[in-house]
Amino acid sequence: MRIATWNINSITARLPRLLAWLESSGTDVLCLQELKCAAEAFPTEQLRALGYEAAVHADGRWNGVAVVSRIGISEPVTGLPGGPDYDGLNEPRAVSATCAGVRVWSVYVPNGREVGHPHYDYKLRWLAALREAVRADAAAGRPFAVLGDFNIAPADEDVWDISAFEGATHVTAAEREALASLRGTGLSDVRPRPLKYDHPFTYWDYRQLGFPKNRGMRIDLVLGNAAFAGGVKDAYVDREERKGKGASDHAPVVVDLEV
DNA sequence: ATGTCCCTACCATAGGGA
């Protein structure tokens with residue numbers, strides 16, 4: 001079974017690439033983030049034509065997540081149970097489903113913007129709610145993983161130059177502790193291999209030639225419980241998908257699972 | 001070059017977010 005996660009940065013702008021990539025990569029289950037579309041604008045028919053169905057949580061201009069599967073979708077849960085609001089809104093940042101016996105959450109963790117910004121506090125509270133929401137599934141015997149854009153680099157080597165992140169979000173102790181606390185429910189970081197260079201970065205800023213200079217970050221993660229992690233045969237970042245015109249600023253992380 | 005791209009508001013460009 002091939003499972004992947006990809007922050008697609010607008011499913012509308014990326015649709016031709018998405019459909020081509022699903023076919024070329026042979027992905028069975030894809031967790032998507034940053035759909036940036038209304039629920040009714042989700043390309044259900046185009047995906048169905050390729051044999052995929054989807055659990056979608058989207059409400060317009062920002063955020064939006066989905067689980068897309070060609071091996072079945074059951075037990076969908078829309079939204080993060082107990083998740084905090086921001087500016088009075090409960091944003092579409094989490095959706096889960098069970099696909100052929102494997103349970104997955106697709107998550108888009110709040111960015112945080114700046115340390116001390118209300119969005120940063122929101123990010124930490126959102127992660128605490130995620131930890132509680134996954135606790136039972138993480139401890140269970142069936143394969144389970146949380147996949148998505150965590151907007152946190154787990155370690156200093158997960159950014160291109162830690163000195164460039166002085167005082168910035170994504171690398172603070174509090175964010176990393178929130179991530180460690182989430183792993184503490186029984187999840188381990190399935191580290192993908194890079195297809196080029198030394199670090200499995202998953203995101204490169206569009207600005208200032210980030211991708212050509214390999215100024216990347218590993219912020220898209222796969223956290224699996226023992227049954228999931230024990231079945232991983234391979235994992236890699238498909239940096240080819242970050243190339244060329246019309247690419248997302250994130251590359252897919254692909255996991256091959258034997259269950 | 002503040003070396004980009006996406007969305008929306010509104011119909012050409014500005015603003016917000018990442």
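Note on naming: letters A, B, ... go to the chains in the order of the sequence lines (proteins, then strands), and numbering restarts at 1 for each one. Values in this document were obtained by computation on a predicted structure and should not be read as measured data.
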Could you tell me if the ring centre of A:W21 sits under 6.0 Å from that of A:W6?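 Yes.
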Length of the [atom1]-[atom2] vector between [X] and [N], whole Å:
X      : N      : atom1 : atom2 : result
A:E34  : B:dC5  : CD    : C1'   : 11 Å
A:F165 : B:dA18 : CZ    : C1'   : 13 Å
A:Y206 : B:dT2  : OH    : C1'   : 17 Å
A:Y120 : B:dA18 : OH    : P     : 15 Å
A:D205 : B:dT2  : CG    : P     : 15 Å
A:L15  : B:dC5  : CG    : P     : 19 Å
A:I11  : B:dC6  : CD1   : P     : 14 Å

I want to confirm an ordering. Mapping A:N63 and A:S10 to their closest nucleotides on DNA chain B, which one lands closer to the 5' end?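 In this pair, the answer is A:S10.
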Whichever of A:A13 and A:N151 has its nearest DNA chain B nucleotide further upstream toward 5':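 Residue closer to the 5' terminus by nearest nucleotide: A:A13.
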Taking only N/O atoms, report every protein-nucleotides 14-17 of chain B pair under 3.5 Å with atom names and distance.
| unit_1 | atom_1 | unit_2 | atom_2 | d |
| --- | --- | --- | --- | --- |
| B:dG15 | N2 | A:R61 | NH2 | 2.3 |

Can you sort out the partners of A:R207 under side chain to side chain contact (heavy atoms under 4.5 Å, CB included), two or more places apart, ordered by chain and number?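 Applying side chain to side chain contact (heavy atoms under 4.5 Å, CB included) to A:R207 gives A:D205.
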A:A140: what forms a side chain to side chain contact (heavy atoms under 4.5 Å, CB included) with it, not counting sequence neighbours?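 So A:A140 forms no side chain to side chain contact (heavy atoms under 4.5 Å, CB included) with any residue.
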Euclidean distance for [atom1], [N] against [M] (whole angstrom):
N     : M      : atom1 : answer
B:dC7 : B:dC11 : C1'   : 16 Å
B:dT2 : B:dA18 : P     : 23 Å
B:dA1 : B:dG15 : P     : 24 Å

Would you say A:R14 places a side-chain N or O within less than 4.0 Å of OP1 or OP2 belonging to B:dC6?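 It does, given that an N or O in the side chain of A:R14 lies less than 4.0 Å from OP1 or OP2 of B:dC6.
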Sidechain-backbone polar pair: A:T98 side chain, A:G101 backbone, donor-acceptor under 3.5 Å: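 No.
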Residues in ring pair (Phe, Tyr, Trp, His ring centres under 6.0 Å) contact with [X], at least two apart in sequence or another chain:
X      : result
A:Y86  : A:H119, A:Y122
A:W62  : none
A:F201 : A:H199
A:H250 : A:Y203

Among B:dC7, B:dG3, B:dT4, the nucleotide that comes nearest once only the side chain of A:L209 is considered: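 Side chain of A:L209 sits closest to B:dG3.
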With respect to the side chain of A:R93, which nucleotide from B:dG3, B:dT4, B:dA18 is positioned closest?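 From the listed options, B:dA18 comes nearest.
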Give the residues of residues 240-252 of chain A touching DNA chain B, defined as any heavy atom closer than 4.0 Å, sorted by residue number.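 Nothing qualifies; none.
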Pairs involving residues 95-111 of chain A, ordered by first then second residue, that meet salt bridge (charged side-chain N to carboxylate O under 4.0 Å, His left out) (sequence neighbours left out):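 Output for this query lists A:R103-A:D137.
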With a 4.5 Å heavy-atom cut-off, do A:L18 and A:L30 have their side chains touching?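 In short, these two side chains touch, coming nearer than 4.5 Å.
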